K.L.:
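Dropping the structure in here first, questions after.
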Amino acid sequence: MPVTETAATINGVSIDDSFAEAFPMSGTAIQITAINEKWALEAATKMTGFATSVIACGCEGGIERLLSPDETRDGRPGVRVLFFGFDAGGLEKQVTTRLGQCILTCPTTACYGDYESDQTIDLGSAIRYFADGFQISKKFAGKHFWRMPVMEGEFLCEAKTGMTGDGVGGGNLLIMARHVEGALKASEAAVEAMKTVPDVIMPFPGGIVRSGSKVGGKYKGMMASTNNAYCPTLKGVTDTALTEEIGSVLEIVIDGMTADAVAKAMAAGIKAITDLGPEAGALRIGAGNYGGNLGPHHFHLKDLLP
């Protein structure tokens with residue numbers, strides 16, 4: 001693989017003339033509230049655990065942002081969480097399983113839909129049977145809720161939440177630096193900037209993934225394997241995409257409720273990386289794609305420059 005041509009150089013950071021290839025996904029948003037921020041975050045963190053890749057985890061999910069009491073449905077501290085799946089059925093299964101195990105079980109929590117759409121998936125309607133016949137259906141202000149008795153008191157959960165089939169998964173940036181410290185600093189700056197964009201999550205740990213992948217592999221049954229073209233230790237034995245000075249590469253993967261949200265997040269990340277500059281951060285920014293043959297969403301880096 002030849003080294004990608006440069007589209008631009010900003011503040012000493014080179015931007016590849018490349019594009020991120022992303023895929024359609026079903027997406028939804030929910031609101032988790034609790035007696036205080038600590039318990040809202042406890043539930044949200046547990047619910048979004050093991051949700052980095054839809055291929056192995058069944059879904060991709062993450063905390064979009066914290067919610068102040070004046071932003072939540074019940075006037076308590078809260079967290080907005082996004083989830084993405086290949087289709088509506090798979091998304092609903094993952095969301096409701098995690099709802100029952102991680103929010104229903106968590107002290108003082110309540111759960112509400114946080115995406116308006118004619119398309120919906122179940123929330124409380126899927127787990128109400130745990131109440132063993134003592135569940136109560138409640139309609140208020142045009143919304144449907146389930147009240148479920150639990151040992152602590154009562155769990156309130158909206159019956160359904162809206163979903164979209166126009167979600168996008170797999171927007172990405174490749175951050176290339178002389179060493180891991182620079183790659184990590186640039187990646188962290190990009191993630192913080194992306195967090196200011198509504199309707200997106202970065203599902204990997206801290207928003208960053210070191211084990212970027214390519215499609216397939218040499219071993220039978222492998223859907224994905226290490227992206228050897230971007231592994232610095234393999235420069236001498238593989239068809240590399242890296243120049244000599246690149247010693248570490250990290251990736252940020254972005255999922256969004258819309259393609260526009262993903263594009264805005266990528267643009268925010270690029271600006272944060274270029275603002276930091278190459279001495280403290282990255283030498284080069286690229287993107288992962290498969291030749292444009294697998295995903296219909298192509299985010300060209302040259303179109304996202306600050």
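Everything numeric here is computed off the predicted structure, so don't read it as measured data.
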K.L.:
Is there a side chain to side chain contact (heavy atoms under 4.5 Å, CB included) between L305 and D303? Walk through the geometry before answering.
P.N.:
CA-CA 6 Å; L305 300 181; D303 297 332; over 6 Å; no

K.L.:
Nearest 0.5 Å please: distance from the NZ atom of K38 over to the OG1 atom of T108.
P.N.:
10.0 Å

K.L.:
Ignoring hydrogens, what is the shortest heavy-atom contact between T28 and G162? Give both atom names and the distance.
P.N.:
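Taking every non-hydrogen atom into account, OG1-O, 2.6 Å.
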
K.L.:
Check the pair D260, T258 against side chain to side chain donor-acceptor pair (under 3.5 Å), reporting the backbone distance first and the verdict last.
P.N.:
CA-CA 5 Å; D260 184 59; T258 64; 5.1 Å; no

K.L.:
Would you check if the side chain of E21 reaches a backbone N or O of L294 as a donor-acceptor pair within less than 3.5 Å?
P.N.:
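Yes, E21 side chain to L294 backbone: donor-acceptor pair under 3.5 Å.
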
K.L.:
Quick one: closest heavy-atom pair of E64 and L82, and the distance?
P.N.:
CB-CG, 4.0 Å

K.L.:
I'd like to know if the side chain of S225 reaches the main chain of G216, judged simply by a donor and an acceptor atom lying under 3.5 Å from each other, with no hydrogens or angles considered.
P.N.:
yes

K.L.:
Determine the minimum heavy-atom distance between A287 and A20, stating which atoms define it.
P.N.:
CB-N, 3.6 Å

K.L.:
If you apply the rule side chain to side chain contact (heavy atoms under 4.5 Å, CB included), what do you find for I103 with M47, and how did you get there?
P.N.:
CA-CA 7 Å; I103 303 180; M47 190 186 191; 3.3 Å; yes

K.L.:
Please name the pair of heavy atoms, one in L99 and one in C111, separated by the smallest distance, quoted to 0.1 Å.
P.N.:
CD1-SG, 3.9 Å

K.L.:
Taking atom types as modelled, is there a side-chain donor on S213 or N227 under 3.5 Å from an acceptor on the other?
P.N.:
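Looking only at side-chain atoms, N227 and S213 do not form any donor-acceptor pair under 3.5 Å.
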
K.L.:
Would V253 and V209 count as a side chain to side chain contact (heavy atoms under 4.5 Å, CB included) here? Give the steps.
P.N.:
CA-CA 8 Å; V253 175; V209 55; 4.2 Å; yes

K.L.:
If you look at every heavy atom in R73 and G113, which pair is closest and at what distance?
P.N.:
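Result for this residue pair: NH1-O, 3.0 Å.
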
K.L.:
Checking N172 side chain against G288 main chain: does a donor-acceptor pair fall under 3.5 Å?
P.N.:
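Yes; at least one donor-acceptor contact below 3.5 Å.
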
K.L.:
Under a 3.5 Å distance rule, please check whether D16 uses its side chain to pair with a backbone N or O of S18 as donor and acceptor.
P.N.:
no

K.L.:
T6 side chain to S14 main-chain N or O, any donor-acceptor pair under 3.5 Å?
P.N.:
no

K.L.:
Have D122 and T96 got a donor and an acceptor in their side chains that come within less than 3.5 Å?
P.N.:
no

K.L.:
Is it the case that one hydrophobic cluster holds both I136 and F155, taking links as side-chain heavy atoms less than 4.5 Å apart, direct or via other members?
P.N.:
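No, because I136 and F155 fall into different hydrophobic clusters, even though each may have its own neighbours under 4.5 Å.
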
K.L.:
Taking NZ, NE, NH1 and NH2 as the nitrogens, is one of them in R178 or E245 under 4.0 Å from a carboxylate oxygen of the other?
P.N.:
no

K.L.:
Please check if M257 and M194 belong to a single hydrophobic cluster, counting links between Ile, Leu, Val, Met, Phe, Trp and Tyr side chain heavy atoms closer than 4.5 Å.
P.N.:
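Each belongs to a different hydrophobic cluster.
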
K.L.:
Report yes or no: do R76 and T33 form a side-chain donor-acceptor pair below 3.5 Å?
P.N.:
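Looking only at side-chain atoms, T33 and R76 do form a donor-acceptor pair, the distance falling under 3.5 Å.
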
K.L.:
Looking at every non-hydrogen atom in both residues, tell me the closest pair between P198 and A261 and how far apart they are.
P.N.:
O-CB, 3.9 Å

K.L.:
In sequence, state the C-alpha distance, the side-chain angles, and the governing distance for W146 and S125, and then conclude on side chain to side chain donor-acceptor pair (under 3.5 Å).
P.N.:
CA-CA 7 Å; W146 286 99; S125 292; 3.3 Å; yes

K.L.:
Once rounded to the nearest 0.5 Å, what's the spacing between atom CE of M25 and atom CE of M163?
P.N.:
11.0 Å

K.L.:
So does E244 get a backbone contact from the side chain of K235, meaning a donor-acceptor N/O pair under 3.5 Å?
P.N.:
yes

K.L.:
Out of curiosity, does V249 fall in the hydrophobic cluster containing V13 (side-chain heavy atoms, cut-off under 4.5 Å, transitive links)?
P.N.:
no

K.L.:
Are L67 and L41 linked, directly or through other ILVMFWY residues, by side chains that come within less than 4.5 angstrom of each other?
P.N.:
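No, L67 and L41 fall in different hydrophobic clusters.
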
K.L.:
Starting from the C-alpha separation in whole Å, work towards a yes-or-no answer on side chain to side chain contact (heavy atoms under 4.5 Å, CB included) for T52 and E60.
P.N.:
CA-CA 5 Å; T52 57; E60 297 179 10; over 6 Å; no

K.L.:
So Y112 and F145, would you call those rings parallel, tilted or perpendicular, with 30° and 60° as cut-offs?
P.N.:
perpendicular

K.L.:
Could you state whether F83 and V79 fall into the same hydrophobic cluster, counting links through intermediate Ile, Leu, Val, Met, Phe, Trp or Tyr residues with side-chain heavy atoms under 4.5 angstrom apart?
P.N.:
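Same cluster.
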
K.L.:
Would you say T238's side chain and T240's backbone share a donor-acceptor pair under 3.5 angstrom?
P.N.:
no

K.L.:
Closer than 3.5 angstrom, by distance alone: can the side chain of E251 be matched with the main-chain N or O of L174 as a donor-acceptor pair?
P.N.:
no

K.L.:
Keeping the roles fixed (side chain from Q101, backbone from R98), state whether a donor-acceptor pair exists under 3.5 Å.
P.N.:
no

K.L.:
Without swapping roles, check the side chain of R65 against the backbone of D199 for a donor-acceptor pair under 3.5 Å.
P.N.:
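Flag not set: sc R65 to bb D199 has no pair under 3.5 Å.
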
